[in-house]
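Here is the structure we will look at.
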Amino acid sequence: MDANDGRSNASEERPREPAAPEGPHVPGQQPPQLSPPPSPPPPPPEPQSPPQPQPPCDPADAPTADPAHPDARIGVGALSLPYQVGAALAVAVVAVAALVHLGMVFLHVAPSNTVTKQHGKAIDEWIYPEFEQNWKLFAPNPLQQNIEVQVRADVRTADGTTRTTGWYDLSAEDGAAIDGNLLPSHTEQNELRRAWDFLTATHDSSNRPIGLRGTLAETYLRRIVVLRLDRDDAAGGQGGAVQRVQVRSRTTNVPPPEWSDEQVSTTPQYRLLPWWPVPADEAAGGVR
């Protein structure tokens with residue numbers, strides 16, 4: 001009895017192994033729980049490449065209208081009818097004004113003709129003063145004369161006596177200064193010539209000034225010749241002063257070339273201006 005009891009106790013204490021399931025799964029029994037396989041590691045991040053520049057867009061490929069609304073209008077066509085009429089009138093007015101202006105300028109610079117003779121006043125009112133033109137469409141005959149500006153003066157010397165100088169050829173002095181000079185000054189080339197042109201344009205045939213511009217031309221030319229006389233020491237040194245001056249021009253025609261049959265006179269023509277008194281502030285050499 002005791003031995004059998006000992007064996008039976010030993011068999012009861014031995015752990016039992018789970019029996020493998022036999023046959024189909026019977027409801028009510030729980031299947032064995034299996035652990036899920038480990039997930040693979042995430043792949044490494046791919047390196048990012050720099051953005052590629054986009055090719056320039058071709059304006060011809062750009063859409064000109066909204067594809068969703070193919071009937072949509074652009075530009076002036078998008079305006080309402082009253083605004084379209086107003087825009088058309090504005091363009092017409094600008095076009096007509098431009099044509100009229102071009103026509104007026106053309107008639108102003110063109111040689112004298114029937115239209116300019118009949119409507120010269122209207123053309124001048126349109127051109128002057130805002131659109132004044134200093135050129136001609138067809139150049140006139142070039143100047144074929146030599147004009148020399150000369151001056152003489154009554155001077156008071158240092159001892160109180162008064163004498164009249166000979167004629168100083170100021171144009172010849174400018175010509176000598178320009179001759180052989182690669183960079184002549186603007187004064188030597190144009191000052192005296194422009195002053196004489198200004199005076200002849202603002203004086204009548206009797207050498208009387210026409211308006212305020214004539215008086216201004218006299219003052220301008222007088223100051224120039226007084227400065228030239230002081231440069232030439234016409235007053236006779238220290239203490240002398242110029243009291244009055246007289247200007248004249250000597251005009252001679254340029255002889256025609258040998259092959260020309262044109263006949264011109266080469267006799268000099270003089271234009272003598274009256275004596276001009278010199279103010280005291282200019283007498284010692286002009287206003288500087």
Side-chain angles (χ1 to χ4, degrees), residues 105-118 120 123-124 127 132-153 164-211 213-229 231-232 234 245-276:
V105 173
F106 174 81
L107 293 174
H108 176 70
V109 300
S112 178
N113 53 68
T114 304
V115 177
T116 56
K117 291 178 181 178
Q118 293 182 353
I123 295 172
D124 291 342
I127 294 296
E132 181 180 0
Q133 305 293 314
N134 194 23
W135 62 282
K136 293 297 182 181
L137 184 62
F138 300 100
N141 292 330
L143 183 64
Q144 299 179 1
Q145 294 176 332
N146 288 325
I147 301 177
E148 302 173 3
V149 180
Q150 302 173 350
V151 62
R152 65 178 179 178
T164 302
T165 67
W167 289 100
Y168 289 84
D169 194 339
L170 304 182
S171 297
E173 293 178 1
D174 287 345
I178 295 172
D179 189 18
N181 189 351
L182 297 179
L183 298 174
S185 69
H186 177 77
T187 301
E188 294 169 344
Q189 296 181 82
N190 299 314
E191 182 184 54
L192 183 63
R193 177 180 62 83
R194 295 296 299 272
W196 180 255
D197 291 343
F198 184 28
L199 184 132
T200 57
T202 55
H203 284 66
D204 58 18
S205 58
S206 300
N207 297 322
R208 291 190 298 265
I210 303 174
R213 288 174 59 84
T215 305
L216 178 63
E218 288 184 1
T219 303
Y220 181 52
L221 182 60
R222 186 191 70 234
R223 291 183 175 183
I224 290 176
V225 299
V226 170
L227 285 172
R228 298 292 185 89
L229 291 172
R231 183 188 306 171
D232 294 335
V245 295
Q246 187 178 32
V247 181
R248 73 176 183 181
S249 66
R250 182 178 183 271
T251 304
T252 55
N253 294 320
V254 177
E258 297 179 357
W259 48 263
S260 175
D261 296 333
E262 184 180 2
Q263 300 293 327
V264 297
S265 174
T266 57
T267 303
Q269 301 292 327
Y270 293 92
R271 180 175 180 176
L272 185 65
L273 302 183
W275 285 93
W276 293 335

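This structure is a prediction, so every number in the text was calculated from the model and none was measured.
- A distance of 4.5 Å separates CD1 in Ile123 from CG in Leu107, rounded to the nearest 0.5 Å.
- The closest side-chain heavy-atom distance from Asn181 to Glu188 is below 4.5 Å.
- In terms of heavy atoms, Gln145 sits closest to Val254 at N-CG2, 3.8 Å.
- With sequence neighbours excluded, no residue satisfies side-chain hydrogen bond (donor to acceptor under 3.5 Å, both in side chains) with Glu148.
- Checking side-chain atoms of Gln246 against main-chain N and O of Leu273 turns up a donor-acceptor pair under 3.5 Å.
- Not a single donor-acceptor pair under 3.5 Å links the side chain of Asn190 to the backbone N or O of Arg194.
- Side chain of Asn146 to backbone of Thr252: no donor-acceptor contact under 3.5 angstrom is found.
- A side chain to side chain contact (heavy atoms under 4.5 Å, CB included) with Leu192 is found for one member of Thr187, Asp174, Asp197, Val151 and no other, namely Asp174.
- In this structure, Asp124 has no side-chain hydrogen bond (donor to acceptor under 3.5 Å, both in side chains) partners at least two apart in sequence or on a different chain.
- Residue Arg193 places its CZ atom among more than 12 non-hydrogen atoms of other residues, nucleotides or ligands, all under 6.0 Å distant.
- Atom OG1 of Thr165 is separated from atom CG of Leu229 by 6.5 Å, given to the nearest 0.5 angstrom.
- Counted by atom type alone, Asn207 and His203 present zero donor-acceptor pairs between their side chains at under 3.5 Å.
- Minimum heavy-atom separation, Pro256 to Val264: CD-CG2, 3.5 Å.
- Residues Leu216 and Tyr220 have side chains not in contact (no heavy-atom distance under 4.5 Å, counting atoms from C-beta outward).
- A donor-acceptor pair under 3.5 Å is absent between the side-chain atoms of Asp232 and the main chain of Ala234, judged by distance alone.
- Atom CZ of Arg248 has more than 12 neighbouring heavy atoms from other residues, nucleotides or ligands inside a 6.0 Å radius.
- Under the 4.5 Å side-chain criterion, counting only non-hydrogen atoms from C-beta, Arg271 is not in contact with Thr251.
- The backbone N or O of Val149 sits less than 3.5 Å from a side-chain atom of Ser171, completing a donor-acceptor pair.
- In this structure the side chain of Trp276 never reaches within 4.5 angstrom of the side chain of Val225, judged on heavy atoms.
- Taking both residues in full, the closest heavy atoms of Val245 and Ala153 are given as CG1-CB, 4.0 Å, listed atom of the first, atom of the second, then distance.
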Would Leu199 and Glu218 count as a side chain to side chain contact (heavy atoms under 4.5 Å, CB included) here? Give the steps.
CA-CA 7 Å; Leu199 184 132; Glu218 288 184 1; 4.2 Å; yes
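- Here the closest non-hydrogen pair linking Ile147 and Trp196 is CG2-NE1, 4.0 Å.
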